[in-house]
Every structure is written in C-alpha cells, then in structure tokens.
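What follows is a set of notes on a single structure, which appears directly below.
Proteins get letters first, then strands, A, B, ... in listed order; numbering begins at 1 in each. Values in this document were obtained by computation on a predicted structure and should not be read as measured data.
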Amino acid sequence: MEERYDPRKVEPKWQKFWAEKKLYKTEYDTSLKKFYCLEMFPYPSGRIHMGHVRNYAIGDVIARYKRMRGFSVLHPMGWDAFGLPAENAAIKHGVHPSKWTYENINYMKGQLNKLGLSYDWDREVTTCSPEYYRWNQWFFVKMLEKGLAYRKSSYVNWCPSCQTVLANEQVIDSKCWRCDSIVVQKELFQWFLRITRYAEELLASCDELSGWPEKVVLMQKNWIGKSFGVEADFRIEDTGENIKIFTTRPDTLFGVSFVCLSPPHPLSERLVEDKDELAKITAQYGKVDEKMGLYTGRYCINPVNGERVPIYVANFVLMEYGTGAIMSVPAHDQRDFDFAKKYGLPIRQVIVPEENTAGAGHGPAQASGRAQEALLQTAYEDEGVLVDSGNFSGLASADAREAIAQYLQDKGVGRKVVNYKLRDWGISRQRYWGTPIPVIYCDRCGIVAVPEKDLPVILPEDVRFTGKGGSPLLESPSFLNVACPSCGGKARRETDTMDTFVDSSWYFIRYCCAGKDPDIETKLKSGSPDLDYWMPVDQYIGGVEHAVLHLLYSRFFTRVLRDLGIIGTSEPFTNLLTQGMVIKDGAKMSKSKGNVVDPDYLIERYGSDTSRLFSLFAAPPEKDLDWSDKGVEGAYRFLSRVWNIVFKNREALKGAASGLISTADVSGLQAEGRSLLRKTHQTIKKVTADIEKEYHFNTAISALMELVNEMTGFEPQEEIGRQVLRTAMENTLLLLAPFTPHIAEELWEAIGNEPFISDRGWPSWDDGLAKDEEIELVIQVNGKVRGKLMIPVGLTDDEIKNLALGDRKTSDFLGQGVIRKVIVVKGRLVNIVVG
RNA sequence: GCGAGAGUGGCGGAACUGGCAGACGCGCUGGACUUAGGAUCCAGUGGAGAAAUCCGUAGGGGUUCAACUCCCCUCUCUCGCACCA
C-alpha cells in the first residue's frame, strides 16, 4: 500500500525549507516588472479567524501566481498594533498593552506561517513600535507646518463607554463602531487633519479608480458629497448683520417663509433672549426623531423680494454642513414642510409640475399661492416651472437656479458656492495605546510642535490603567512635564494620541523600504527610487467595511506624502478586491453568535492546503462564503485523490520523460491519451483565464478537478502514455501551486523533479493541442433541442446544415412543415425553423 | 426615503459576446470492497411522467429563429447612506 496523504508531515517540511531558503524575500530589482500584492494587515487581537484565512489565501494565490509569471512580487505583512482592545485588556487583566500586543503578534505570526503564506517577513511592520510611529509624528509635524493639521474646539462625537472621540466615519447609526454605545455630542479641543483641502482632488480622481469595485468608488463619492449651490445673505432687521444661508435650490427663493439657524450657530446665542429655551433646543440638536424649533422673535429680509421672514433656531439644522443656517421653503422641501405644519407657518408654492402649465395659457401656472397651498399634502421637491416668482416666473427650475444665482451675485447679496459633506478628520483620541501627538503647550509660546531632533515622542510605560476615563498619560509626570522647546520654560505635553487610522494610512508605503533599511531616514523624508518602484499597490485585498474609512484616509495620506516630495504616486491602490464575509448558519461568523470555525483546529485536522483550497473554491472572492464542514472534507478528498494518483503511478511517472509533448507525438497516442493531453492544455488555458479575469478561483479549481477526474481513470500502457500522464500531473501541480503550495511541492518532488515548484514558471498551453477533434452539434427545431450529433471540427456552414437536416431523429420533428430558415452557429448548434 | 447589488436543483455555486440551463463540489440513492463504514472506489441524481414527452433560472409581459443573459412592470432579499438644505 502506498503512502497516505498526511498534511501534518508535508506542510511543516516545506514551510521550513521556504523559510531557510528565504524563498519569498523580495529584492528591489529594476530589471524586473514589479507586482505589489497587499492584503489589509490585521489587528493583533489574539488569534486569526476565518475571515483572515480567506483574505490571506486570496492574496497568497495572487502573489504566488504573479511570481510564477515572472514578476518581482512585493508581498509583505504587518500588524495594525495600536488600538483599544489592548488597553481594555490592560484594564481588565492588568497586563500592559505592549506585552499583550506583542504576545498576540507572536502567536498570530505562527498561525500565518502555518498557512504557508508567501510573505517577505523581513519587511514586517508593527505600528506600535517607535520605529514606526515616529513617522506618524514626523508627518504630523510636516502637516502642521503646511497648515494641514490644526486644533479647534468643536462638537465632537463622544463615546461614553470608550471615553474617547470618534470620527464621523466611526459613528454608525448614532452608535460607536466598536462598542455600539450611543454616541453623544461634546465640545472639546481637538486636532484635525485638513482632508477637505483634498476634497476636490479625491473626488475627481475617483474616476481613475477603474480597478476598484464600482460600489466602493460610489461610496467614496457619496461620502465626499459634492453639491453645487448658492450662499445667500438674509439681512437681519435692526442689526443689519447678515445670516448666510446655503441652498442648492435658489429657484425656490420666492417660496421662503422662514429662516432656521443651527443651535450651535453663533447667531443663535445672540438672537435668542431666553437662554433656557435655547439650551433645550441645543439638547435636542442632532436628534433624528422629532423636529423642534424656537422662534427668536426677530426677522430677516429675503434678498430676492425684500420680504420679512421670521428667524427660528431649529434642532435639525446641521452646523457642520454649509453655513449652519438654512432658508426654509415648506412647499418644496419635506423637512421644511413638516416644520411649517407643526409651527403654523405659511406654505407657498412657487414651482409647479410642467404638465400643469402646458397649453393652459394663463391658467394653473398663475394660480395664486393660497389656492395651491390647499392642494399640497406633501412638499413638491421635483423640477418644474416657476410661478409667483417675480421676473423669474415661467422659467424652468433648472434655468431659474442659474438665473437667480446670477442675480444674487450681481446684486452682491449672494454667491455661487460648492459644498462638500466631507469634513476634516478629527484625530485626537483620549487614550493611551496610540501615537502621542507631538505637540507641547507653553503658557508663553502657546502651541509648539516637538522639534524634529526630539522625535519620536515615546509612549511612556509608567502609567496605570484604571478604566476611570481620561487618558492614562495624565498619570505620567515624566511624560507630561517638559521644557518648552521654544523658550525653555515650563510646559506640558499633549496627552491625546492619534486615531489608529493614521497608522494604517501609509503602512503600504513603509513596506516599500526593506525592514531595517539603514537609509530609512532619507527615504521617508525625501523619497527614494525603491518607493517609486513599488508604489502604487497593484492589488489590494480586504473587507468592504473599509470602503470609506481606511481607503479614503489612505488616498488622502498618499497625496500629502506626494506633496511633501516623498513619493510620486497619487493613488495608492490601483486594483481593489473587496472580499465577501465568511458566513455560517446564515450569519457572519462571530464569537457572539457562536458560529466560528477555528483555523487552528482546521489546520490541525485537514492541513492548511485544504483550508485554503476550500475557502477559495466555495465562492468567488468578492462574494460571501457559506461555510460548510462537509465542503472542507470535499476539498481534502480532492487533494488526497491527487496524492493517490501520484503514488499509484509513481514509478511510471518518475520513469517518463518530463516536459510538454509536441504535436508530432500525438499521432502515436490512443484516444484516451489524446483526450487527457487535450484536457491538460484546456485546463492550463482555463485556469490562467480564470485567474486573470476577476480572480475567479472557484472555477479555476473546478477545472483542475475535472482534469484530475480524467487522470483518475487513465492507465498508461506505453512510454508515450506515461509521458502524457506525467505531463498532465506536472501541469496539475504547477497550476495547483498557488492554491495549495505544500502538496504541490511534495508531489513535484515525488515525481522526480527538483524543488522548488514555487520557483517554476507558470505553464503555457498549445492552442492546437487544446482544440477538440470533434464537437457535439446540437440540433434544434424551432428553438427546441431535438437531436445531437458528433461532428468533426472545421466543417463549413453548408456541410453542418446538411448533416443536421439529414439527421434521422431530427427529421421526425420536421413533420409536414416548410423549412423557413436554418441558422448555423459555428461549433455549437443548428436551429431549423419550420412553419 | 435615496443609492447600489442580488434572486438559478435539497445546498454552495457554473453558464463565453443572446446559442444544449445546472460545470465542479456537497448532499442524497444504488452498487462494489469490507468483520464494520461516518474510509475508499463505481454508477445515478432539476421536477413531473411507465414512456413518448412536457415543465423549469423570483413573478408577469415584450424583443428574437433562439433569453438566466436584452427591454418594460411587479415582488423579495442584502448592503451602503440617511435631517447634507
């Protein structure tokens, strides 16, 4: 009995060899075409989960495939190591975040190695090491110099449970993205990065992201949220001050019946006398459920018609968007409509649907506001024709928008503006386990950046984790108290740390200089050819959950580094693959649902090749993967079958000549052998196409299964037959190598080849040998299949037609009808139309 | 509400540019080997029907010699955004 497939023997053996030979170490070599393949780096939470396995299996196939195709492949891995869980572990178990994190990294690195992933570990990056985060600080100081980093007081999203500020992107359904607590608004001084300076560029270059899923590009566009509109001045009666409002619908200006200020708007404080009432409204600011308003008792003047309109403070008006004040047109905006109904304010229609005006001469288009008012049950928000709008009546709303905007601009009471939803990125976090923001507060000099020579500002170890709130850094006097770099006087350090998304916004650039590069200083400060050789990332792979946050920040950071002269790239990721979730029993795998599958168990039981194979086979990468324990066994069975074929035919395989068989040899082959050879070439072609086209590994693997099925029954009798079998097996292993590298190496060696299969070139196919000798012709009568016929390839349309018409079985269906038409689809079918 | 995507056997999923619907795998059924089988191998497997044959890609209509694929309407599900004026 031959040897049995035992991945526990095979896999460690090859992992050891690969590591010893540094097979996956990447060199900067301009004579080769480069390919930068990157999977999103993990947070070192403790152990990897199936989502990681899937993500890294996908990336590894691509990296290994490209390497076999002759590219110089950069395929690095690292750790997104700062963040809250480490600190929470410190509070709960009294272990220092650093210890916790590094232990996790150590364990998880072992897990990744057990998966046989082809990383160049010499480039490993760990964001919590000073060697890494010093650059966060250096970039921050540069951004400060360029006015891209600034400090301001603002209302921020505050998570009461995490005791920290959250970026808008981290608030989901008014809840903390991490712990699901309800987020509250709080006023705080915060550091911001001016991502809005790049809003236009980030939006415009979305069109260059042709290698990204459309869905993600759209989400980026929507997040940036550009809109064209008008800023108009409503002069306050008595004071003469202006309320600037922003609107995208200047065509409705004649329908304004009141103006609303956001509660935090500076004018709210000044115009409202009753501070208690104002406080009540402010408390309701940002609450979605009900609209609330407070009449200020004051009026302002509509710049288009001089009308007096009342001023309200309203909880639904956002301070952060536009000017923090709006004009309200209840007839044409549902929110204003609801508000007007509630507070008994006038609803005046100034736009009517186009059909109401057609051919009616004077009629409905001129209907008075009062008559229309009764008809409106909801706001009419669509396009139409202006009525009761002075000189602008009769214009189509689109034209009126332009005309009225121009009119306001000419009169000096308004201007055309562009607005973005995107807001500056608040990066201050009141937490310990992050990059210290390199800033010092001095009573005399104010805010002073830490000078370059004093970087990095090291995160101190002597702190206590109480979980009481407030940063633990406040507990470290040696950190807190510092001499002012400017005047030498007593000063205090910033205790906030950076959002961890800063860390992940440029790690892909750090990978481009090899790990302990002695020239790192120069490279990251003023750029270098290897950065520009490797960047951008050719293929980025990760979950959709980062469609906005991480990807947008990375696009921003890449541009900042470009403008600092460090790299020449603007877009960091040429192609993006967003892999689907891993589902089990109808829900995403998660600890709370108790439906997780532990990768360690899986590897122990079936091996990493099987684990990888199944996760690649069960679904195309961009779709959700439905986990099936039985499916895993199927994958294992397949690999065992390949193994068994090799050991059953081992002597024959070893003895046979290697290499591809030429067309000339084919004549000596039996039909079975010809068929297997043909299948081999077809499979090389199909697997290559499936990988190249959208990385459809599932169909590539199914093609390999077909080839193996055909090999199973093949028993070579002669030398030429053994050669065919060897050719089939060698190619199967080569094609399998990116998917299941260990077994591919082992069997490659077993049939008498030198290691390493990973270093071999990707096989090519011969179209002549891949071509079928015969095809099955489908014969249809009136579109229904009535017969099938094996015919040789290369017949003319007429010959095919005659064969079809001559087919006995088919002729029964022709009946008495007249043949009206015969359609011949080359190599496929004939359709006989009978009437 | 707005935006995007998806509906194919018992299940995961295939199907080029409109050309045999269901590749491949799982499961199931039968058989072989076996003390045994939850191992392995072989055969079968969309539904109905004894068969000829008919019906089948969420539902309804349309274009076409031919529709999972293109067009129109309806339903369901998933995801994203959500007072952005």
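- RNA chain B is contacted by both A:Gly713 and A:Gln284; A:Gly713 maps to the nucleotide lying nearer its 5′ end (nearest heavy atom per residue).
- A gap of 14 Å separates the C1' atoms of B:G25 and B:U45, to the nearest Å.
- Nucleotide B:A21 holds its P atom 12 Å from the CD atom of A:Glu776, rounded to whole Å.
- Using a 4.0 Å cut-off between charged nitrogen and carboxylate oxygen, A:Arg401 and A:Glu383 count as a salt-bridge pair.
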- Could you give me the CA-CA distance, side-chain angles and deciding distance for A:Tyr695 and A:Glu622, then say whether side chain to side chain donor-acceptor pair (under 3.5 Å) is met? CA-CA 9 Å; A:Tyr695 300 127; A:Glu622 71 280 2; over 6 Å; no
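- Checking B:A23, B:G25, B:A14 against every side-chain atom of A:Phe617, the shortest atom distance belongs to B:G25.
- Distance from the side chain of A:Lys630 is smallest for B:G27 among the nucleotides B:A14, B:C24, B:G27.
- For the side chain to side chain contact (heavy atoms under 4.5 Å, CB included) test with A:Phe614, the passing option among A:Leu625, A:Leu602, A:Val53, A:Asp609 is A:Leu625; the others fail.
- When the C1' atom is used for both B:G60 and B:A67, the distance is 15 Å, rounded to whole Å.
- Dashed line: the shortest gap from a side-chain N or O of A:Thr712 to OP1 or OP2 of B:C41 is not under 4.0 Å.
- Scanning atom types as modelled, one donor and one acceptor separated by under 3.5 angstrom connect the side chain of A:Lys788 and the base of B:C20.
- Checking the phosphate oxygens (OP1, OP2) of B:C2, no side-chain nitrogen or oxygen of A:Asn222 falls inside 4.0 Å.
- No engagement by A:Gly322 is indicated, since no non-hydrogen atom pair under 4.0 Å with the nucleic acid exists.
- Comparing the P positions of B:G61 and B:G12 gives an interatomic distance of 28 Å, to the nearest angstrom.
- Rounded to the nearest Å, the gap between the C1' atom of B:A21 and that of B:G56 is 9 Å.
- Each of B:C24, B:G13, B:G19 was ranked by its minimum atom distance to the side chain of A:Gln780; first place goes to B:G19.
- Taking 3.5 Å as the limit, the base of B:C26 and the side chain of A:Glu633 contain no donor-acceptor pair of atoms between them.
- Between the side chain of A:Arg637 and the base of B:C41 there is no donor-acceptor pair of N/O atoms closer than 3.5 Å.
- Backbone-only contact: A:Lys784 has heavy atoms under 4.0 Å from sugar-phosphate atoms and none from a base.
- B:C33 and B:A48: their P atoms are spaced 32 Å apart (whole Å).
- Distance from the side chain of A:Ile823 is smallest for B:C65 among the nucleotides B:C81, B:A21, B:C65.
- Of the two residues contacting RNA chain B, namely A:Gly783 and A:Tyr321, the nearest-nucleotide position lying further toward the 5' end is that of A:Gly783.
- Taking the side chain as every heavy atom from C-beta outward, A:Met589 and A:Val597 approach each other to under 4.5 Å.
- The minimum heavy-atom distance between A:Pro263 and A:Tyr285, with the atom names listed, is CD-CD1, 3.8 Å.
- Set against B:G3, B:A14, B:G12, the side chain of A:Asp626 has B:G12 as its closest nucleotide.
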